[in-house]
Amino acid sequence: MSQITTIDQVGAYVGQMVTIRGWLYNKRSSGKIRFLLIRDGTGIIQSVVVKSEAAPEAFNATEILTQESSLEISGTVRADARAPGGYELQVSDLRAIQIAEDYPISPKEHGVSFLLDHRHLWLRSSKQHAVLRIRSYVIQAAQTYLNRKGFVLFDAPILTPAACEGTSTLFETDYFYGEKAYLSQSGQLYAEAGAMAFGKVYTLGPTFRAEKSKTRRHLAEFWMLEPEMAFAELEDILSLAEDLVTHLVQSVLTDRSEELKVLERDLTKLQSVVPPFPRITYDQALDLLKEKGISHPWGDDFGANEDAIISEQFDRPVIITHYPLETKAFYMKSDPQKPDLALCVDVLASEGYGEIIGGSQREDDYDTLLQRLVQHNLPRESFEWYLDLRRYGSVPHSGFGLGIERTVAWICGINHLREAIPFPRLLQRMYP
Ligand code: 4AD
Ligand code: MG
């Protein structure tokens, strides 16, 4: 029996026999030789089956193998600089496990709607595979980063009794005994309770927005990483955001270069993501827009268009602070110097990718917070526990949410968020 291994490990077995279990990606023939591209989830390896060298059954099996047939293949590993991945398998044995039916996705161009209908299979193609590997890596790198800095992972509930980011984008569902529940828009409010218990926490999980939005930047279900810190002011989270984003981009550059190559990502754009990120206020952003011939009324939040124009002025992410309080969520603290501004931040990714982070210092005064709840027409009963955090040892505290799909789409250089999550939930799509 030869050693069972995976394609990403074959480099350790040059000159030896190994067995790989995977799927047929592609095949071509040349006389008495068959070239099989095998994928196993960790990589792709070219496997050469020579009629005179392989077992007769093995050679015959190559005839009936269709694209995506599952198989077990054994052979000798050879280093070959020209081969994709740098190694080749000289096949001696091959066993088909299942002969796949006509595979719907071929190398030819398919429409996006067709591909999304076949998302469960589309995941196997090299570009999708690269994006989702980077996603996995980004989530892991972010957690490692925060864990090292002393943050505690603090899971927030998904079924919640009230809105956090505005009542217009809530998914409602029935809870027990006639009560309504809402899918969480953000774990933040719970993270604040966590920060008062642990000092520094982060939540990581799916969040939901019932926005009837068809843009490339909106999903109905997306993942958010939300660090929250006690004894922290706006300035503290600006530094954390800058450092975290830099860390994510630079570690993908170092550790996921193969995937970036598959995606044909312009690396110079990512290399320039280093501190300091430019920091401007909302008012300065308005001036910048005016210079570009866009007059944006004071008080209105920026849309995707404004975000793109602003971020295109810089070669790295831009930090925008002090938006008008009016447009912002109820929990944001107003600037003591200019009470009509919020102590808040948006970080816009470079290359026009728009907002990847939104955050703020939180209102820590009981009376002011109560007033804000009233102004926002939020039901006080549902927020009594949240008000408690201001009754019992309130301190300045701040945090932000980093959108995982926005971050991944930007790092990968892909156009649409739908490819940055395994199964996107979109306005007109919940299948598969
Ligand atoms: O700016 P948002 O709405 O902030 C919050 O939810 C805060 N409670 C976070 C906090 O302070 N803890 O969302 C934060 C980020 C955005 O910057 C964006 O990256 C992402 O979440 N996001 C979305 N991603 C995909 N689809 C959507 N519909 C998104 N809405 C927000
Ligand atoms: Mg936001």
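What you are looking at is a predicted structure, and each value in this text was computed from that prediction instead of being measured. The first residue of the sequence shown is numbered 1, and numbering continues consecutively from there. Indexing begins at 1, ligand by ligand and atom by atom, following the structure's order.
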Could you tell me whether [X] and ligand 1 have an N or O pair separated by under 3.5 Å?
{"X": "Arg209", "value": "yes"}
{"X": "Arg362", "value": "yes"}
{"X": "Glu211", "value": "yes"}
{"X": "Ser360", "value": "no"}
{"X": "Gln188", "value": "yes"}
{"X": "Ile356", "value": "yes"}

At what distance is the nearest protein heavy atom to [atom], and which residue and atom is it?
{"atom": "atom 31 (C) of ligand 1", "result": "Phe222 CZ, 3.5 Å"}
{"atom": "atom 18 (C) of ligand 1", "result": "Arg406 NH1, 3.5 Å"}
{"atom": "atom 12 (N) of ligand 1", "result": "Glu226 OE1, 2.7 Å"}
{"atom": "atom 16 (C) of ligand 1", "result": "Glu355 OE2, 3.2 Å"}
{"atom": "atom 15 (C) of ligand 1", "result": "Gly401 O, 3.7 Å"}
{"atom": "atom 26 (N) of ligand 1", "result": "Leu219 N, 3.0 Å"}
{"atom": "atom 14 (C) of ligand 1", "result": "Met224 SD, 3.4 Å"}

* Asked: Between His296 and Phe302, does the ring centroid distance fall short of 6.0 Å?
  -> yes
* To do: Could you tell me whether Phe208 and Phe222 have their ring centroids closer than 6.0 angstrom?
  => no
Looking only at side-chain N and O atoms, does [Y] offer a donor or acceptor that is under 3.5 Å from a partner on [X]?
{"X": "Thr6", "Y": "Asp8", "answer": "yes"}
{"X": "Gln46", "Y": "Glu88", "answer": "yes"}
{"X": "Gln371", "Y": "Gln375", "answer": "no"}
{"X": "Tyr331", "Y": "Glu165", "answer": "yes"}
{"X": "Asp255", "Y": "Tyr137", "answer": "yes"}
{"X": "Thr254", "Y": "Ser251", "answer": "no"}
{"X": "Glu419", "Y": "Gln128", "answer": "yes"}
{"X": "Asp243", "Y": "Tyr145", "answer": "yes"}

Proximal atoms of ligand 1 relative to [X] (non-hydrogen, under 4.0 Å):
{"X": "Ile357", "value": "17 (O)"}
{"X": "Gly358", "value": "1 (O), 9 (C), 10 (C), 11 (O), 17 (O)"}
{"X": "Leu417", "value": "25 (C)"}
{"X": "Gly359", "value": "11 (O)"}

* Tyr386 and Phe330 aromatic ring geometry - parallel, tilted or perpendicular at 30°/60° bounds -> perpendicular
* Asked: Does Glu165 come within less than 4.0 Å of ligand 1, judged by its heavy atoms?
  -> yes
* Arg217: heavy atom below 4.0 Å from ligand 1, yes or no? -> yes
* **SB check Lys127 Glu259 (cutoff 4.0 Å)** => no
* Ion pair check, Arg429 and Asp117, cut-off under 4.0 Å -> yes
* Asked: So which bit of Tyr331 gets within less than 4.0 Å of ligand 1, heavy atoms only: side chain, backbone, both or neither?
  -> side chain
* Structure fact -> For Glu355, the N, O or S atom at the shortest distance from the Mg ion (ligand 2) is OE2
